[in-house]
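Structure record follows, encoded as structure tokens.
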Number of protein chains: 2
Amino acid sequence: MQTPFSPLDDAPGPRVIQSSRIAAILKLLEARSSLSIAELAARFDCSEETIRRDIRQLEQTGRVLKVHGGVRMPDADFEAPYRLRFREQADAKQQIGRAAAELVEPGMTLLIDSGTTSFWLVRALARVPDLTIVTNSIEVASEVLGRPKQRLFLAGGIINHDYRAAFGPEAIAYCGGFIPDLTIFSMGAIDVERGFLDFEPDEATFKRALIESARRIVVLADSTKFGRKGTTRVAGFGDVADLVTDAPPPHPFVTAAAATGMAVHVARPASAAEAQPL
Amino acid sequence: MQTPFSPLDDAPGPRVIQSSRIAAILKLLEARSSLSIAELAARFDCSEETIRRDIRQLEQTGRVLKVHGGVRMPDADFEAPYRLRFREQADAKQQIGRAAAELVEPGMTLLIDSGTTSFWLVRALARVPDLTIVTNSIEVASEVLGRPKQRLFLAGGIINHDYRAAFGPEAIAYCGGFIPDLTIFSMGAIDVERGFLDFEPDEATFKRALIESARRIVVLADSTKFGRKGTTRVAGFGDVADLVTDAPPPHPFVTAAAATGMAVHVARPASAAEAQPL
DNA sequence: CCATAAAACCACAAAATGTCACACGAGCGT
DNA sequence: ACGCTCGTGTGACATTTTGTGGTTTTATGG
């Protein structure tokens with residue numbers, strides 16, 4: 001039951017100076033993920049404006065999120081790196097996903113990695129029957145769940161929270177046991193000289209290991225990836241059979257692709273009718 | 001005036017600010033596939049128009065579907081078996097999850113299975129720091145994602161769509177490699193003579209294998225499970241250290257529990273103070 | 001098909017919250 | 001003492017959110 005008094009009844013003390021008050025707010029937020037300004041002002045016996053000033057400071061350090069009427073923890077959903085990447089270029093990724101889906105035939109076995117573009121491909125595959133989908137991504141797996149016509153194999157291990165996927169040796173070994181018709185990767189960057197690059201070393205290790213057993217590799221990358229700098233090398237152009245993107249690549253990439261026989265598929269803009277939200 | 005026994009009378013709190021109200025609606029929708037505007041307005045003690053505005057926001061992000069008279073989950077048409085089980089006794093399961101969370105200390109390693117009651121435990125563990133969570137359930141894993149203070153290990157293999165989890169030999173081997181402080185199982189049925197039972201043979205095999213390496217086994221079961229008939233035997237009363245449920249069990253079960261030293265914890269109904277949205 | 005009630009929508013006013021500028025007073029070093 | 005900074009409170013003003021009364025749309029039953 002709710003007492004009429006403040007629910008925060010652990011020892012305010014008569015005088016609380018700013019630094020300790022800010023620390024106290026943070027501590028309270030650990031217990032209750034959101035607090036109202038009025039509540040805090042009563043709790044510390046100071047004006048609401050003072051609380052707001054404290055919160056402005058906390059917000060600048062990125063530790064809390066200011067909302068109308070109070071504060072709350074920067075909750076996973078909105079600040080997580082994965083969600084941020086998910087929103088970047090979402091339209092382009094959706095188009096790419098649909099275009100890549102045209103490479104898939106019923107009955108195929110697909111190995112799909114954890115990129116956000118890969119997720120859109122999986123969504124586009126909702127109505128393709130008799131697929132076998134192998135993935136290391138929790139997001140991809142969640143999307144496939146409840147499609148009784150598609151078999152789902154998930155690689156486990158320690159989960160990387162940022163990528164929502166497993167990249168460890170167990171995941172590599174498990175995925176390596178399949179012989180997929182298509183091995184589908186999202187890539188973080190494409191370099192004319194060095195080929196396909198990534199940012200997360202574990203992810204790159206995972207992909208490199210699976211290139212060995214791949215029959216045909218498909219790479220999904222939106223047009224912002226061309227010329228971007230990566231930190232680890234994943235594959236050369238020669239390794240990849242198909243590249244699906246949303247805009248014609250710059251010329252150096254086209255010639256490099258032609259030299260190695262890599263097919264480049266450019267997705268058409270989505271027809272307005274079928275645009276599907278999140 | 002609130003109806004005395006509204007199914008939603010946990011935790012309006014004194015003032016509910018907009019952002020937390022929107023988050024709360026989302027959470028409520030997980031337990032009850034559809035909600036009416038009038039119900040929500042009463043629940044949050046605000047006008048129906050305000051609820052409609054919240055819902056319009058939620059609809060724009062594609063997270064819910066607006067229907068005449070209320071909201072519902074986007075995928076509610078195809079009620080998958082998992083979702084159906086999830087909604088049965090959702091309130092009781094939520095209470096059990098909260099009660100079981102009191103057995104957990106910061107720093108522990110937990111092995112958590114794929115039952116819907118287990119999911120509510122994981123949700124109740126949102127703010128416990130430094131946990132290591134091992135699971136074979138995609139739903140549990142999704143819930144843990146984005147909690148940087150908790151390490152997540154996911155067991156893979158072929159996924160059972162109905163249970164949204166992996167039960168195969170890879171999952172057994174992987175989970176068997178851990179020595180968890182608590183091994184937490186949801187159970188499908190409890191029989192005075194035969195102990196804890198289940199319906200899905202694969203799930204039962206998975207649990208039986210993990211009983212070997214368990215240090216302390218905790219079983220979560222709502223009160224409808226007592227006396228229900230199962231199809232496969234999972235564990236005897238002697239194997240289980242703690243049983244968490246939502247109502248005092250019938251007498252034969254109490255004596256059986258006492259005979260084997262199994263502790264029985266009965267969850268209190270949710271107190272309004274602690275149900276904290278988002 | 002129409003009649004009717006419920007629900008949704010819209011626009012505007014009221015309430016709540018946020019922001020900003022300025023004043024006051026305590027601490028502090030020259 | 002003086003001037004300075006810093007934290008705080010106060011009040012005017014801007015912004016956001018909420019409630020209300022109206023009209024329009026939808027669902028439903030005859």
Side-chain angles (χ1 to χ4, degrees), chain A residues 2 4 6-8 12-29 32-75 78 277, chain B residues 1-3 6 8 11-29 32-74 76-77 277-278:
Chain A
Q2 195 82 16
S6 138
L8 314 160
R15 261 257 166 270
V16 185
I17 59 172
Q18 187 185 41
S19 55
S20 73
R21 196 180 45 235
I22 290 183
I25 293 176
L26 267 179
K27 187 156 194 180
L28 287 170
L29 268 178
R32 291 194 31 195
S33 55
S34 73
L35 300 165
S36 80
I37 301 279
E39 204 174 354
L40 286 168
R43 161 75 172 70
F44 294 109
D45 191 30
C46 64
S47 74
E48 302 195 346
E49 177 62 27
T50 298
I51 297 294
R52 288 200 190 92
R53 276 191 274 249
D54 293 342
I55 289 173
R56 268 187 284 247
Q57 281 200 14
L58 282 171
E59 191 201 25
Q60 282 178 354
T61 69
R63 314 239 291 168
V64 306
L65 208 61
K66 204 167 40 150
V67 295
H68 198 88
V71 253
R72 70 158 209 231
M73 280 302 216
D75 232 57
F78 280 83
Chain B
M1 195 53 61
Q2 306 273 70
T3 50
S6 150
L8 307 164
R15 286 178 198 124
V16 184
I17 58 181
Q18 185 191 39
S19 56
S20 73
R21 194 182 47 234
I22 289 181
I25 292 175
L26 266 179
K27 295 232 163 176
L28 286 171
L29 265 179
R32 309 232 343 244
S33 59
S34 70
L35 299 165
S36 79
I37 302 279
E39 203 174 355
L40 286 168
R43 161 75 172 68
F44 293 110
D45 191 30
C46 64
S47 75
E48 303 195 346
E49 180 62 27
T50 298
I51 298 293
R52 284 198 196 92
R53 276 190 273 247
D54 292 342
I55 289 173
R56 254 171 279 182
Q57 282 200 15
L58 282 170
E59 189 202 25
Q60 282 179 352
T61 68
R63 310 229 266 174
V64 306
L65 211 60
K66 207 170 33 157
V67 296
H68 200 81
V71 259
R72 63 157 216 222
M73 286 300 245
D77 337 307
L278 190 59

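What you see is a predicted model; the values in this text were computed from it and never measured. Naming: A, B, ... by sequence-line order, numbering from 1 per chain.
For the pair B:I25/B:L40, a side-chain contact is recorded, criterion being any heavy-atom separation below 4.5 Å from C-beta on. When side chains are defined from C-beta on, A:L58 does not count as touching A:V71, because their heavy atoms never get closer than 4.5 Å.
Close to D:dT8, at under 4.0 Å from its OP1 or OP2, lies no side-chain N or O of A:T50. Remark: B:S47 is not in phosphate contact with D:dT18, judged by side-chain N or O atoms under 4.0 Å from OP1 or OP2.
Whole-Å rounding puts the A:I51 CD1 to C:dT19 P distance at 14 Å. Straight-line distance from the CD1 atom of A:I55 to the P atom of D:dG7: 16 Å, rounded to whole Å. Rounded to an integer number of Å, the gap from CZ of A:F44 to P of D:dG7 is 16 Å. To the nearest angstrom, C1' of D:dT8 lies 17 Å from CG of A:L40. Taking atom CG of residue B:D54 and atom C1' of nucleotide D:dT18, one finds them 10 Å apart after rounding to whole Å. For A:E39 and C:dT17, the CD to C1' distance is 16 Å, given to the nearest whole Å. At whole-Å resolution of the value, CD in B:Q57 and C1' in D:dT16 are 11 Å apart.
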Give each protein N/O atom lying under 3.5 Å from an N/O atom of nucleotides 6-10 of chain C, with the pair distance.
| unit_1 | atom_1 | unit_2 | atom_2 | d |
| --- | --- | --- | --- | --- |
| C:dA7 | O3' | B:G69 | N | 3.1 |
| C:dA8 | OP1 | B:V67 | O | 3.4 |
| C:dA8 | OP1 | B:G69 | N | 2.4 |
| C:dA8 | OP2 | B:R52 | NE | 2.8 |
| C:dA8 | OP2 | B:R52 | NH2 | 3.1 |
| C:dC9 | OP1 | B:K66 | NZ | 3.3 |
| C:dC10 | N4 | B:E49 | OE1 | 3.4 |

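Qualifying side-chain hydrogen bond (donor to acceptor under 3.5 Å, both in side chains) partners for B:K66, counting only residues two or more places apart in sequence or in other chains: B:E59. For the salt bridge (charged side-chain N to carboxylate O under 4.0 Å, His left out) test, residues two or more places apart in sequence or in another chain that qualify with A:E48 are A:R52. Applying the side-chain contact (heavy atoms from CB on, under 4.5 Å) test to B:S47 and every residue at least two apart in sequence or in another chain returns B:E49, B:T50.
To the nearest 0.5 Å, the span separating CD1 on A:I55 from CD on A:Q57 amounts to 11.0 Å.
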